[in-house]
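Data first, discussion second: the structure below is written as structure tokens.
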Amino acid sequence: MIKGIGLDDEGRCRHWHSFHDVVANRCAQCDEFYACYQCHDTMVTHHFCPMLLTDERVAVLCGACHFGMTGQMYLKANYYCPKCHHPFNNQCARHIEIYFS
């Protein structure tokens, strides 16, 4: 389940809501998926904690089809869901250090 503020059916939130903004990231501390770190930090009492890139757990969900990816799978997907081929926002690369370490 994707959490966030003002979510639509594909996990877009009030902060990121273009057609391409369908990626939800897992916080390593609370183990929940959020539409973005801003939603997370507004909704809970701790800051978003990045997942390790070496972690084999699902770290990213496609909001369009709910396909789960490890961090490595997501980074290799080249901004498209490997299952449903929905395009992801390529500007997410600017925030990679927030979501992965």
Side-chain angles (χ1 to χ4, degrees):
M1 178 177 146
I2 299 171
K3 296 182 177 186
I5 301 168
L7 293 182
D8 70 7
D9 292 340
E10 293 186 335
R12 294 176 193 90
C13 66
R14 77 170 188 197
H15 303 103
W16 302 98
H17 43 80
S18 78
F19 174 76
H20 299 95
D21 293 314
V22 296
V23 171
N25 291 277
R26 176 182 260 166
C27 172
Q29 182 171 336
C30 62
D31 210 32
E32 299 282 350
F33 289 94
Y34 282 85
C36 76
Y37 74 94
Q38 294 158 303
C39 285
H40 174 278
D41 290 356
T42 299
M43 296 173 71
V44 297
T45 58
H46 63 271
H47 288 292
F48 189 94
C49 294
M51 295 286 289
L52 295 174
L53 272 176
T54 56
D55 198 326
E56 291 298 316
R57 293 182 299 160
V58 171
V60 177
L61 288 179
C62 171
C65 72
H66 298 282
F67 180 69
M69 296 163 266
T70 65
Q72 292 289 342
M73 283 177 66
Y74 168 71
L75 293 177
K76 290 177 184 176
N78 201 26
Y79 304 110
Y80 285 88
C81 176
K83 182 177 179 187
C84 74
H85 307 289
H86 192 292
F88 297 151
N89 188 338
N90 64 6
Q91 295 302 307
C92 291
R94 295 181 10 208
H95 304 122
I96 204 78
E97 73 283 350
I98 294 172
Y99 297 111
F100 301 106
S101 62

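Sequence positions, counted from 1, serve as the residue numbers for this chain.
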(request) Go through the structure and list residues passing side-chain contact (heavy atoms from CB on, under 4.5 Å) with T45, not counting sequence neighbours. (result) none
(request) Please name all residues satisfying side-chain contact (heavy atoms from CB on, under 4.5 Å) with C30, sequence neighbours left out, ordered by chain then number. (result) C27, E32, Y34, H40, H46
Exercise answer: donor-acceptor pairs, residues 6-24 side-chain atoms, under 3.5 Å, sequence neighbours excluded:
from	atom 1	to	atom 2	distance (Å)
D8	OD1	E10	N	2.8
D8	OD1	G11	N	3.1
D8	OD1	R12	N	3.0
D8	OD2	R12	NH1	2.8
E10	OE1	R12	NH1	3.1
E10	OE1	R12	NH2	2.7
R12	NE	S18	O	2.8
R12	NH2	F19	O	2.9
W16	NE1	Q38	OE1	3.0
S18	OG	H20	N	3.2
S18	OG	D21	OD2	2.9
D21	OD1	N89	ND2	2.7
D21	OD2	H17	N	3.2
D21	OD2	S18	N	2.8

(message) Between P87 and Y79, is there a side-chain heavy-atom distance shorter than 4.5 Å?
(response) no
(request) Keeping to residues at least two apart or across chains, list the side chain to side chain donor-acceptor pair (under 3.5 Å) pairs with something in residues 90-101. (result) Q91-R94
(request) May I ask you to list the residues sharing a hydrophobic cluster with M1, side-chain cutoff 4.5 Å, ordered by chain and number? (result) none
All N/O donor-acceptor pairs, side-chain side in residues 65-76, below 3.5 Å, sequence neighbours left out:
from	atom 1	to	atom 2	distance (Å)
T70	OG1	M73	N	3.1

Side-chain donor/acceptor pairs under 3.5 Å, residues 47-64, sequence neighbours excluded:
from	atom 1	to	atom 2	distance (Å)
H47	ND1	D41	OD2	3.4
D55	OD1	R57	N	2.9
D55	OD1	R57	NE	3.4
D55	OD2	R57	NE	3.1
D55	OD2	R57	NH2	3.0
R57	NH1	D31	OD1	3.1

(message) In this structure, would F100 and F33 fall into the same cluster of hydrophobic residues linked by side-chain contacts under 4.5 Å?
(response) no
